[in-house]
Structure formats: C-alpha cells, structure tokens
> 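Just dropping this structure here.
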Amino acid sequence: MTILDTNILIEKVRRREEIREDITVVSIVEFSQILVYKKFSGRIVYPMPEDYELAYKLQLKLMKDGKPKPFSDLLIAAICMNRNEELMTNDEDFKDIANISNLKLRSEINK
C-alpha cells in the first residue's frame, strides 16, 4: 500500500479526488480537514515506539551529512519504512532521507 504525505493529500482534496491510500496521523495534525472529507477511505496509521527510534537514527545520519530534517518528515519516513510501505510525496526533503535509508518514494509532481 502507499502512504500519502500531507502535500499530496492536500492536492488530492483540492482536486476533489477519491483518496483510498493511507495517511499518517501527522497529516491529520497538519491538515485536519481530511477528517470530514467524504472521499477519504484510507486508513490512518499511528506511530509505534520503534518508529520514534528509527526517526532518531535517521536524524543522526542526516545530521552527520549536514542535512537534518523536521521531526514530522522523519516520523513519516520511519512509519513507512517500518511497515515496508511506499511514500507518495512531492517534498524534496524525503530524497535526502531515502539516500541514507531504504525509504521507498514515489512522486506525483504535475499530475
């Protein structure tokens, strides 16, 4: 399954599209309108303790390379990685995370 980053989620709502993909609880915090969007039928994925641990480890690697990332991006990446899910995003920050990990990315630019 694919997990949507908040930027893709917002774009799909703007285009009034059906959303069957999953999202993380981070997206609910960032874009709470999704809770009343009638065309959303995906699941909401909540972090587990191991997601926080992985987010921390990712940040350590990124800091070593001089490329630290926001907590929300690290947590989303960790959630996807720990569940072997693909992340659909247009956020360039995730490319740096993918470069130091096994994060699977897909972009939706200009679709």
Side-chain angles (χ1 to χ4, degrees):
M1 189 68 167
T2 299
I3 293 179
L4 302 182
D5 188 21
T6 309
N7 58 56
I8 299 293
L9 181 65
I10 292 169
E11 184 60 28
K12 286 182 170 277
V13 169
R14 186 185 67 73
R15 295 187 306 221
R16 296 180 176 88
E17 294 180 5
E18 291 280 334
I19 301 171
R20 293 182 184 96
E21 299 89 353
D22 295 341
I23 62 173
T24 68
V25 71
V26 174
S27 291
I28 292 176
V29 172
E30 294 176 334
F31 186 68
S32 59
Q33 297 92 318
I34 192 60
L35 294 175
V36 295
Y37 185 65
K38 295 190 186 308
K39 294 182 178 184
F40 173 65
S41 61
R43 292 179 308 129
I44 300 166
V45 183
Y46 292 85
M48 299 181 296
E50 54 267 25
D51 299 324
Y52 296 105
E53 184 176 336
L54 179 55
Y56 167 72
K57 289 177 181 177
L58 292 170
Q59 185 74 303
L60 290 178
K61 288 182 183 178
L62 290 162
M63 288 174 62
K64 188 174 183 180
D65 292 343
K67 298 177 180 182
K69 300 299 173 207
F71 172 73
S72 58
D73 290 352
L74 293 164
L75 186 58
I76 290 169
I79 288 169
C80 291
M81 291 168 57
N82 280 334
R83 290 156 185 80
N84 199 29
E85 301 287 354
E86 175 183 63
L87 176 63
M88 186 184 300
T89 185
N90 290 332
D91 186 338
E92 295 289 321
D93 280 346
F94 285 101
K95 286 184 181 179
D96 289 333
I97 298 171
N99 286 337
I100 57 107
S101 70
N102 64 348
L103 177 63
K104 296 182 276 186
L105 292 179
R106 186 170 79 189
S107 179
E108 274 272 312
I109 296 174
N110 298 324
K111 287 194 176 185

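Computed from a predicted structure; not experimentally measured.
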> Identify, with sequence neighbours excluded, every residue that meets side chain to side chain contact (heavy atoms under 4.5 Å, CB included) alongside Ala55.
Leu74, Ala78
> Rounded at 0.5 Å granularity, tell me how far CD1 in Ile19 sits from CG in Leu9.
5.0 Å
> Does Phe40 reach the side chain of Ile23, with side-chain heavy atoms less than 4.5 Å apart?
yes
> Test question: given the 4.5 Å side-chain rule for I, L, V, M, F, W and Y, name all other residues clustered with Val29, or answer none.
none
> Determine the minimum heavy-atom distance between Ile34 and Ile28, stating which atoms define it.
CG2-CG1, 4.1 Å
> Quick one: are Leu75 and Val25 in side-chain contact, heavy atoms under 4.5 Å?
no
> CE of Met88 to CG of Leu105: how many Å apart, nearest 0.5 Å?
11.0 Å
> Any side-chain hydrogen bond (donor to acceptor under 3.5 Å, both in side chains) involving residues 46-59? Give me the pairs, sequence neighbours left out, ordered by first then second residue.
Asp51-Asn82, Asp51-Arg83, Glu53-Lys57
> Rounded to the nearest 0.5 Å, what separates atom CD in Glu30 from atom CG in Asp5?
7.0 Å
> With distance as the sole test, does Glu85 use its side chain to make a donor-acceptor pair with the main-chain N or O of Met1 at under 3.5 Å?
yes
> Can you tell me which residue pairs pass the side-chain hydrogen bond (donor to acceptor under 3.5 Å, both in side chains) test with a partner in residues 32-43, sequence neighbours excluded?
Asp22-Arg43
> With rounding to the nearest 0.5 angstrom, report the CG to CD1 distance, Asn90 to Ile8.
3.5 Å
> Using the test side chain to side chain donor-acceptor pair (under 3.5 Å), find all partners of Ser27 that sit at least two apart in sequence or belong to another chain.
Thr6
> Could I get the full list of side chain to side chain donor-acceptor pair (under 3.5 Å) partners for Lys104, not counting sequence neighbours?
Asn84
